[in-house]
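Residue numbers begin at 1 in each chain, while the letters A, B, ... track the order of the sequences.
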Number of protein chains: 2
Amino acid sequence: MRQICLPTGLNEHETRLLDQIIVRKKIARDSYLYRIGDQFTSLYAVRVGHFKTYQENLAGDRQINGFQMSGDLLGMDAISSALHQCDAVALDDSEVCMIPYTQLETLFTEMPILMRHFHRVMSEEIMGEQNVIMILGNMYAEQRFAAFLINLSRRYALRGYSPTRFQLRMTREDIGNYLGLTMESVSRMIAKMRKDGLIEVRQRDVEVFNLSALNKLAAGIDISDSSQASLDLPSVVTEYNYLSPQLTYLQRLWTAK
Amino acid sequence: MRQICLPTGLNEHETRLLDQIIVRKKIARDSYLYRIGDQFTSLYAVRVGHFKTYQENLAGDRQINGFQMSGDLLGMDAISSALHQCDAVALDDSEVCMIPYTQLETLFTEMPILMRHFHRVMSEEIMGEQNVIMILGNMYAEQRFAAFLINLSRRYALRGYSPTRFQLRMTREDIGNYLGLTMESVSRMIAKMRKDGLIEVRQRDVEVFNLSALNKLAAGIDISDSSQASLDLPSVVTEYNYLSPQLTYLQRLWTAK
DNA sequence: CGGTCGATTGAAAGCACTCAATCGGGGTGG
DNA sequence: CCACCCCGATTGAGTGCTTTCAATCGACCG
């Protein structure tokens, strides 16, 4: 773990201090990491596995806020009220780092570097949600699903996995709920993209054939309109960031070893 | 200002320290507080006036992320990348407190109370965006507009203004953009609610006649269905929080005097 | 080899959008 | 002071994207 921490600013002593307050915990598939209304005591960093978080309204409708994978931090929405504001459910058998929040804040005063990292993580959480807002507020079903695949692709790439071959850990219904669509619409978008030769999907296995075409789709550029002089857009288009460009130091720390 | 700060944790010396790094700045209506891509140096707390913040996608479509009023903090999404991720435009002639971020972080190490307040503010920002996600992902046009009015109502109430009479500072188009609707749909929802006797709207002036009915609407409970045994729902319904329950210490601080 | 749950596909309906015309308040200039 | 203009807002009609409802498929599991 030292190799990961030392180059990014924490010394050996500081790394040990941080490590001392963290406790690992296993969460079985389909069980809750925490529930709405639970007392907030810890943040959770995903070490292994996947989670979904969702809110519930008074009518009982659910809205999935996001899917979390290794390195992602859960529970930041609970800081202000000291109560968890959503349910967090494991999609796989998973393992998390429990980070007692009071102790973490105490460490911040001694370790400004750690504090700054934490602020960046919270800021990224805000950016990620703004991305979701853009998807839900402005996009058609096909664009939404394209943006969803691109997001997953980048996040897996950041973690050293293939950006073009990965498994969906959630049901079609979960995807639809997250994207503000029905499960049927998701299914139709998959069928359409498969017919268009952009992706292949068998069950939960996804292979992306044409990531740049997906980017254009998500950006609202009609790829079937071949009358356009150039189908290759400036690199900024394919480089459009649906996600932060690299794993943060903290993400690497709490998924290390 | 001391009366406001001292009871909430900061002593006189600390209050002065914080006050020393803050600079006030006036922003004329329709001008930018910051723009996408601008270097991030400061957070901004609204003292007077209103702002809107929006992102832009590659196709040039805009999505308004939120409307900010006195006490609200802008720019937190820029911390992670050191570049502003959205445009912030004044809806009124406004005044803000510029809070140099590096200096603020330095203060945190000396003033843990201030740091904890800041974490709560960021956490509330996350909750607020999750609220928007719920609106965009799950609600019909009428519910969305009801939720929008309730949100404004609460925020004005927190600031000591009437929760039932206030002015819209943004155009119908802005409202529609924010809610994932067209300006025409917003107009139709206003007409419907007016016909139903829930509100009166003349230009930008809004009067809410029945806040609890609005809450039921937003919660997805059909108020026209009078066959239900009881139209009065448990208090939890009308108490449903679309916003944090009180102004934070920091909000009061930087809007003081 | 059923049974179950998730996924796919089809047909019809609905909600919001698009397009277009009209209204109306506020500001400007004659 | 009034007429005109402009822009935001309203209203109507028709279209379209997504949903709803329903039937079927298919993989996994005991």
Run B/D72 and B/R47 through salt bridge (Lys or Arg N to Asp or Glu O under 4.0 Å) and show every step you take. CA-CA 8 Å; B/D72 289 338; B/R47 274 184 51 77; over 6 Å; no

Quick test of your reading of the model: are B/D93 and B/K26 salt-bridged, counting only N-O distances below 4.0 Å?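 So B/D93 does not pair with B/K26 through a salt bridge.
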
Please give, in whole Å, the distance from [N] [atom2] to [X] [atom1]?
X      : N      : atom1 : atom2 : result
A/N138 : C/dC17 : CG    : P     : 11 Å
A/D174 : C/dC5  : CG    : C1'   : 14 Å
B/D61  : C/dC17 : CG    : C1'   : 14 Å
B/M189 : D/dT10 : CE    : P     : 12 Å
A/D205 : C/dG6  : CG    : C1'   : 15 Å
A/M170 : C/dA7  : CE    : C1'   : 15 Å
B/L181 : C/dT18 : CG    : P     : 11 Å
B/M183 : C/dT22 : CE    : C1'   : 14 Å

A/F67 and A/F148 aromatic ring geometry - parallel, tilted or perpendicular at 30°/60° bounds: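 Judged by the thresholds at 30° and 60°, the geometry between A/F148 and A/F67 is perpendicular.
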
Would you call B/F145 and B/Y140 a side-chain contact if the rule is heavy atoms closer than 4.5 Å?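 No, side chains not in contact.
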
Looking for any heavy atom pair under 4.0 Å, which part of the strands does [X] touch: base, sugar-phosphate only, or nothing?
X      : value
B/G180 : sugar-phosphate
A/S185 : base
A/E184 : base

Would you say [N] has OP1 or OP2 under 4.0 Å from some side-chain N or O of [X]?
X      : N      : answer
B/T182 : C/dC17 : yes
A/R188 : D/dT18 : no
B/R172 : D/dG8  : no
A/R204 : C/dA7  : yes

Along DNA chain C (nearest heavy atom to each residue), the more 5'-positioned of A/Y140 and A/Q203: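 With A/Y140 and A/Q203 compared, the 5'-side residue is A/Q203.
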
Residue A/T171, side-chain heavy atoms: nucleotide from D/dT10, C/dT8, C/dG6 that is nearest: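 Comparing D/dT10, C/dT8, C/dG6 against the side chain of A/T171, the answer is C/dG6.
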
Side chain of B/S187 only, heavy atoms from C-beta on: which candidate in C/dA7, D/dT10, D/dT18 is closest?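 Within the option list, the nearest is D/dT10.
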
Using a 3.5 Å distance criterion without hydrogens, assess whether the side chain of A/D87 forms a donor-acceptor pair with backbone atoms of A/Y54.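 Not a single qualifying donor-acceptor pair exists.
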
